[in-house]
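Read through the structure below, which is laid out as structure tokens, and then see the notes.
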Amino acid sequence: MSGGDVAPADARALVRAALDAIGAALPADDDAPLGIDSFSIVLLVEELEAQLGRRIPAREVRRERFASIAAVAALVASLKDALA
Amino acid sequence: MLSWLVGKAQEDDLALLRPSGEGLRYRDLAMAVAATSAAYTEAAGSLVGRTIALAIADPAGLLIGLLAALEAGATPVVIDVRAGRGLFEQQLARARATLVVRHDTTDDRLTLEPGHDDPRLIEPEVALVLFTSGSSGGAPKAVALGGRGLQHVIDAILGYLPVDATARTPIVLPMSYSYALVGQALATLRAGGAVLPLHDLGFAGEQLAAMTAHGATGLSSVPTSLKILARAALELPPETRPRLRYVASAGAPLDEATVALVRQAFPGARLFNQYGLTEASPRVTAISDDEAAFARGSVGRALPGLTVVSVGGYGAPLAPGDGGMILPPGEIGQLRVSGPSVMLGYLDDAEATRRVIDKNGNLLTGDLGYVDGDGYVFVTGRADDTVKVAGERVSPAEVAETLSPTPGLGELIVLATADELTGMRLVAFVAPAPGAAPGLRTRVQERARELLPPAKRPTRVVELETLPHLPNGKIDRVALRRMVELGG
């Protein structure tokens, strides 16, 4: 699937788990703004990289990619697809 | 101070980039500063000997607000808007400002509000007040910096860093940091160069694109940020990376891996390692990579006009007012700084001031280290329990104290653990009080988000039924650290 498609549930769960692991507040729903500060973005990327077992390219770490759980999950799904 | 800062600049030269991408020339900057200063005076009358609290997230707005405060004869107090609500309110209260300046993001303008009910009078030699975190007790300390000291440091920085009227200096750290505000932004204005505020640590790709687009000439940051930017740069073709004259590090130890990454990413840049602290305005030492001691991990020699020595001995706390005994070259002690840029003191905290400034006006840094026979300074650790998380000084004990009142909390310990990217990070272990409602971990996380700035929040909160204890009753830190290492 492409990064812009609806991410599968496991990718969303992985993002929620990563947010929880770094102590960030979980948004009301998957499409709501993440609302996390830039330091937390760094931690979230690090946490996702640990869970995925690969680097997330800096070109993918953009505001719109980290706008919501759904957006991050789409990124995660595309990276998983790239690994497959 | 204001005319000293911008007096050298050419009025048609670019001074500052606004968030909109609009560039302000020095002429425009002067007009914006004059208009803002006039608005301050109109709102509050004479501000000479008064403080103005700047609670402004936009770095360009903060710079204009600060220069306008100096123009009005007031002392600017920079509030860290990223601090949690508790610290933010404490900083605002400590400022006891006549005016509070905020930034209205909807139309990118500064708004003025009446300040404290009992605004302070401040000595005219205090040119700037910045906050730094306390090593214990959690109360932020308001560092009063003198105009003469700031001028001394800024000119000393311009003596080694290749920043001149052609400089385009990106600011990738919060402007409330002395490192960003004094060491980069004000130094660039003094040189007649342009300040490019780009703060958004999380989006390195965007920062790099902006640096390239605006012709950034150098980069100063903390090692965590340098590492993130260097990694991101290496994904780009070399011709699209910013062409930097220099890359400078401060705020935390500069490790070899980061040096290697930076060299690979920005091959034409000279590297600098630096040491300083807000209480010293902030820069104390610097070294470039063409000096042999750079590779040995030195932070350099003292800047002209400053002296650094190591005093006392490891584990031998000094009494308030005691500057300690100077140790021979190579012997580790507490680093002590002397010179015109040592702060005037902590506002309203004579006791804390006495703990760090001895009877001869020397500053005890709280950092451990040594000075070798050639005058090169090496930093080896801290004399207290603080650690550096992404370049920010953090006390696990202070964090634990802030989190302790969480409802239903039985026991809590906050440990600092090593992290490849941020240097250190905090992990909190919690156990509920008997009969506590479920959800302790969530309540602790919520309290951390509410009251602590990002770098001070535990990145993991682990809830256990009970915390492990040693036979003497103390919490078993070793067992908990092992749990972290095993990913438990």
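Small disclaimer: the values here were computed from a predicted structure and weren't measured. Just so we're on the same page: letters track the sequence lines, and every chain starts at 1.
Side-chain contact between A/E46 and B/D419 is present, with heavy atoms from C-beta onward closer than 4.5 Å.
Both the backbone and the side chain of A/V61 come within less than 4.5 Å of a heavy atom of chain B. Contacts of A/A21 with chain B are made by backbone atoms alone, with heavy-atom separations under 4.5 Å and no side-chain atom involved.
A donor-acceptor pair is defined here as one N or O able to donate and one able to accept, closer than 3.5 Å; such a pair exists between the side chain of B/Q445 and the backbone of A/D20. Here the side chain of B/R449 pairs a donor or acceptor atom with the backbone of A/G23 at under 3.5 angstrom.
Applying the side-chain contact (heavy atoms from CB on, under 4.5 Å) rule to B/T417 yields the partners B/R425, B/V427, B/R481, B/V484; only residues at least two apart in sequence or on another chain are considered. Take A/R59 and apply the salt bridge (Lys or Arg N to Asp or Glu O under 4.0 Å) test, not counting sequence neighbours, and it matches B/E235.
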Could you check A/L43 against B/R457 for side chain to side chain contact (heavy atoms under 4.5 Å, CB included), going step by step and ending with a plain yes or no? CA-CA 11 Å; A/L43 296 177; B/R457 295 174 198 154; over 6 Å; no
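In terms of heavy atoms, A/F39 sits closest to B/A455 at CE2-CA, 3.7 Å.
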